[in-house]
Amino acid sequence: MELIVTVHQMQQYAEQQRCAGRRIAVVPTMGYFHEGHLSLIRRARQLADTVITTLFVNPTQFAPGEDYQRYPRDLERDSQLAERSGCDVLFAPSLDEVYPQGYATTITVHGITEKFEGAFRPGHFQGVATIVAKLFLATKPHVAVFGQKDWQQTLVVRQLVRDLNFAIEIVVAPTVREPDGLAMSSRNVYLSPGERQKATVLYRALQRAHCLVKQGERRRLVLVHAMEAELRQVPELSIDYAAAAEAMTLEEPEEFTAGQTVVLLVAARIGATRLIDNDLVQVPSSEDACA
Ligand code: AMP
């Protein structure tokens, strides 16, 4: 596996691959790899001839006071894991390489960015949209793989790709979980053993609402209250939001309709760690609802 650290070299490499008729997949990440990241790299391997993983802890997507400084980093370990998962190139530019002195451009995606994560993390999606666009321009991919774990982010990226005419296919891969249901996250290393155990409540909250939908419940607030009630079982948890929305638009109707795909979303803080998770569920027709 090759390590590339400059945008110029990355663009030259990508151009050569394209000229040789090779299909490029990119997996954008902030590193400190776990099975979730590696599953995206393996998926990319199936989709393309050349797999580029980007590793950049992007300061502009952290809101003031968030964990940018202490975000876990380990380039040596990440290189080994990426290579073993089938990555051809690790693109790991420095801060100065991405945002040199005098850098002055940001990208704002309106609408979809304004609720949920956007409301709780000011500037987050502007940082995400800007870095994703820059990484696309550096790596020139045909396809980009993102995790369902950050559902709202996948919608922001889809909007960005549509609006700026990036000729890139967006693939969303399922969330990889620990055996007890906790979604894998680089931030899980912040959790104390006690917090780690309690953090599984996010998954239980999603499961509870998922079952309700499968049983025929369509009222949004019933789903939200069920998730909140589950989350409140852990008093140490501070809820940012529990929500149910139409999966692709994030609209929140009073009632969902048969056939719609609902995204259930939770975000909560436990100690100093903020965790998010989500689940997708299709609303059954009245006849198909299970008892
Ligand atoms: P991050 O390094 O946290 O910015 O994540 C990089 C990519 O990995 C994003 O597309 C995430 O959605 C995805 N990702 C993070 N956690 C998981 C997980 N548990 N399962 C699948 N994908 C994930």
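All values reported here derive from a predicted model rather than from experimental measurement. For ligands, and for the atoms within them, numbers begin at 1 and follow the listed sequence. Values below: every heavy atom of this structure, side chains too, minus hydrogens, waters and symmetry copies.
Residue Asp150 has at least one nitrogen or oxygen atom sitting less than 3.5 Å from a nitrogen or oxygen atom of ligand 1, judged on distance alone. In terms of N/O distances under 3.5 Å, ligand 1 is not approached by Ala173. The shortest N or O to N or O distance between Met184 and ligand 1 is under 3.5 Å. Looking at Val176 next to ligand 1, an N or O pair under 3.5 Å apart turns up. For ligand 1, one of its N or O atoms has an N or O atom of Gly147 under 3.5 Å away.
If you check the side chains of Thr50 and Gln17, you find a donor sitting under 3.5 Å from an acceptor. Side-chain contact annotation: Asp96 with Tyr103, donor-acceptor N/O pair under 3.5 Å absent.
The backbone of Pro174, and not its side chain, has at least one atom closer than 4.0 Å to an atom of ligand 1 (non-hydrogen atoms only; backbone = N, CA, C, O). Counting heavy atoms under 4.0 Å from ligand 1, residue Leu40 touches it through the side chain alone. Residue Ser186 does not touch ligand 1, judged by heavy-atom distances below 4.0 Å.
Per-residue contacts place Pro28 under 4.0 angstrom from the following atoms of ligand 1 (heavy atoms of the residue considered): 6 (C), 7 (C). Atom numbering of ligand 1 starts at 1 in the shown order; those under 4.0 Å from a heavy atom of Thr29 are 2 (O), 6 (C). Close contacts between ligand 1 and Thr175 involve ligand atoms 19 (N), 20 (N), 21 (C) [criterion: under 4.0 Å to a heavy atom]. Each of the atoms 10 (O) of ligand 1 lies under 4.0 Å from some heavy atom of Phe146.
Closest heavy-atom approach to atom 3 (O) of ligand 1 within the set Tyr71, Tyr32, Trp151: this belongs to Tyr71. For the residues Arg187, Glu178, Lys149, the heavy atom positioned nearest atom 23 (C) of ligand 1 is part of Lys149. If you check each of Gln153, His34, His37 against atom 17 (C) of ligand 1, the one with the closest non-hydrogen atom is His34.
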Working for side chain to side chain donor-acceptor pair (under 3.5 Å), residues Tyr190 and Asp67: CA-CA 10 Å; Tyr190 300 152; Asp67 55 342; 2.8 Å; yes
Test log, rule side chain to side chain donor-acceptor pair (under 3.5 Å), inputs Arg204 and Thr200: CA-CA 7 Å; Arg204 285 198 300 281; Thr200 56; 2.9 Å; yes
Test salt bridge (charged side-chain N to carboxylate O under 4.0 Å, His left out) applied to Glu252 and Arg220, step by step: CA-CA 7 Å; Glu252 295 172 281; Arg220 184 176 56 82; 3.8 Å; yes
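The neighbour count for Gln197 CD, taken as heavy atoms of other residues, nucleotides or ligands under 6.0 Å away, does not exceed 12.
The one candidate from Leu264, Asp279, Val156, Val263 that meets the side-chain contact (heavy atoms from CB on, under 4.5 Å) condition with Trp151 is Val263.
Distance from atom 4 (O) of ligand 1 to its nearest protein heavy atom, with residue and atom name: Met30 CG, 3.6 Å.
Formation of a donor-acceptor pair under 3.5 Å by the Glu178 side chain with backbone atoms of Asp180 is not found in this model.
At least one cation-pi condition fails for Arg70 and Tyr32: the charged atom is not both under 6.0 angstrom from the six-membered ring centre and inside a 45 degree cone around its axis.
Using a 30° and 60° split on the angle between ring planes, Tyr71 and Phe62 fall in the perpendicular class, above 60°.
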